[in-house]
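Letters go in sequence order (proteins before strands), and every chain restarts at 1. Because only heavy atoms are used, hydrogens play no part in the values below, and waters and symmetry mates are left out as well, while side chains stay in.
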Amino acid sequence: MSSKKVRVRFAPSPTGGLHLGGVRTVLYNYLFAKQHKGDFILRTEDTDQGRYVPGAEKYIFDCLRWTGLEPDESAIHGGEYGPYRQSERKSMYKTYAAQLIKDGYAYYAFDTPEELEKMRADFKTESNPSPQYDHNIRGKMRNSLTLSAEEVQQLLDAGTRHVVRIKMPQHETVSFTDMIRGEVSFDTSVVDDKVLLKADGMPTYHLAVVVDDYLMKITHAFRGEEWLPSAPVHVLLWKYLFGLDNMPEWAHLPLILGTNGKLSKRDGAKYGFPVFAMNWLDPKTNELTEGFKEKGFLPEAFINMLALLGWNDGTAQELFTKQELVEKFSMDRVHSGGAKFDYEKAKWFNHEWIKRLPAAALAQQVKPFFEAKGINIADEKLLSAVIDLVKERCHLLTDLVEQGSFFFVMPEKFDVDAVKPKWNEAKQLFFAEVIRNFELGTTWNATELEHNFKEIAAANQIKPGEVLLPLRIMLVGGKFGPHVFDIAALLGKDETIRRIKYFLGLL
RNA sequence: GGCCCGUUGGUCAAGGGGUUAAGACGCAUCCCUUUCACGGAUGAAUCACGAGUUCGAUUCUCGUACGGGCUACCA
């Protein structure tokens, strides 16, 4: 390891919503960078023009802003190593591809998609269901290895569509040390001749990742485990182009799993939990996929939960602030096995964070949820008081709305059926007296209210238990909520009396 | 099929030659609470299998099984 400044990157392709696993990769990058006083770069991998989705890049930045994992350098943050979109770096890759060809490490291939399809069909056997363009096959295809130099030149001059492929050596062992898995090795004979430069002149991921990591002086490269099989291609490219000494250290992160395999959007839809960080509206299909943010998660809880999905600090601690994570995170405590996502546990993290965050901070985040329900919050102090009263029973920010909306508006409906069967004249009289007493009351606090209420009950020979639930339903509409006299206290004299009267009229 | 990675309760996981194999989520029961929760207590539940090394393997080695990933001019 050198003493070079730590530089890491997250390199998403702007094709859709930002997945849980993606955010975790961002998080590990970010934590590692900040811990080492390094830079966190966001590079947009938009080399596939067919899959480009307008708005997706902005959406990714929005997600990072929400989670608080802002890049130091990116297409919108700027930086010395730009441009940060691969589409804007197109010309750079060609040079390196040419160098590889010149050195005999790569070659031109003129095979059309149809010819490739035919090759796969022709060579497909039961023991080899997916034939690869490799050392066995390349001699039978139309490329600069099988064609004469003149023919190749003619095709090139004629502007024939072609790609550049890496020429994988035979019988070499490529190995590298993964920060999480230790030494990993591959036999190059079983790796295919991956396309490096596509017919449209754009690089594939394989070329781009190596060239850009080099040019952007990346020191540590983290990505999902699904990239492990193509790692030998990248290692070889490093060796051919820039030297293994300059290669970043790799860490292939374990996958986040759903019920069967990699966690997918489908898992979320099936079991009713989000998979994306924020709501994603696909501009092509107009399909909306719900995000953690809109579901009612706090960013603090979201990243805390994600950090622990595959990593722990070796103690029993589970709740970490971002700052604590920056201090304590370490790659060698990251698991190598995949982790199944548990939505219940995710909600628990959010619950804990709702409890520990001050009401004022929660108020800011929960306001939009109230507004979405048509409840405008004029009095923020009241909102904070409400939050303090109900937050311990809330797992999601939306629970805060359910638990707290009756402080701002009349309940939409009252559970009359819970009261009616046991209702009688005595209770009617009792509440009439309660109203008179409350109207006269000078001090309006929970203790006083409870005291008076119970005195009146005793005087009327009614057990408090028989009238407590009715009172609750009068105030909140149903059988839920904090202590009923705390509610009355916060609701205020006029509103409390108004609701009792209103409910009495319903019976 | 081939290659690669992985495997401690239902889930997240600590531990890494000798332990009663932590803890958390979830679940169950009880306590608290004249609602619902919170909180507290208790409980059920785990080292995939087979060899080897060893006085002794959950821990080390090798196999097997199982799971997952990759196998595009997608990332």
Distance check needed: [N] [atom2] versus [X] [atom1], whole Å only.
X	N	atom1	atom2	result
A/K347	B/C38	NZ	P	12 Å
A/H335	B/U11	NE2	P	14 Å
A/W311	B/C12	CH2	P	17 Å

[atom1] gap between [N] and [M], integer Å:
N	M	atom1	answer
B/U58	B/A21	P	11 Å
B/G52	B/C30	C1'	49 Å
B/U29	B/C4	C1'	47 Å
B/G15	B/G9	C1'	15 Å
B/G10	B/G16	P	23 Å
B/G50	B/A65	C1'	10 Å
B/C74	B/G67	C1'	25 Å
B/A45	B/C60	P	27 Å

Under-4.0 Å salt bridge between A/E300 and A/R356: no
Pair A/K345 + A/E318: basic N to acidic O under 4.0 Å: yes
Evaluate the ring planes of [X] and [Y], with Trp represented by its six-membered ring, and classify them as parallel (under 30°), tilted (30 to 60°) or perpendicular (over 60°).
X	Y	value
A/F431	A/W423	parallel
A/F453	A/F438	tilted
A/Y343	A/F341	tilted
A/W311	A/F329	tilted

Contact pattern, 5' to 3', of nucleotides 60-75 of chain B - B, S or - by protein heavy atom under 4.0 Å: --------SBSB-BBB
For [X], answer base if it contacts any base atom (sugar-phosphate contacts may also be present), sugar-phosphate if it contacts only those atoms, and nothing otherwise; contact means non-hydrogen atoms under 4.0 Å.
X	answer
A/G310	sugar-phosphate
A/P482	base
A/L308	sugar-phosphate
A/K355	sugar-phosphate
A/F341	nothing
A/V484	nothing
A/H252	nothing
A/R181	sugar-phosphate

A/F407 side chain near A/E495 side chain, heavy-atom distance below 4.5 Å: no
4.5 Å side-chain heavy-atom contact, A/Q86 and A/R43: yes
B/C38: syn or anti, per glycosidic angle within 90° of 0: syn
5'-most by nearest nucleotide on RNA chain B - A/R333 or A/G478: A/R333
First of A/N128 and A/E466 reached from the 5' end of RNA chain B, by closest nucleotide: A/N128
Of all the choices, [options], which nucleotide is nearest to the side chain of [X] once you look at every atom?
X	options	result
A/E352	B/C12, B/G39, B/G1	B/G39
A/F480	B/C38, B/C36, B/U11	B/C36
A/A339	B/C5, B/A13, B/U33	B/A13

Can you tell me the pairing partner of [N] across any strand shown, Watson-Crick or G-U wobble, with both distances under 3.5 angstrom?
N	value
B/C36	none
B/G43	B/C27
B/G9	none

Among A/W280, A/F302, A/F276, A/F273, ring pair (Phe, Tyr, Trp, His ring centres under 6.0 Å) partner for A/F292: A/F302
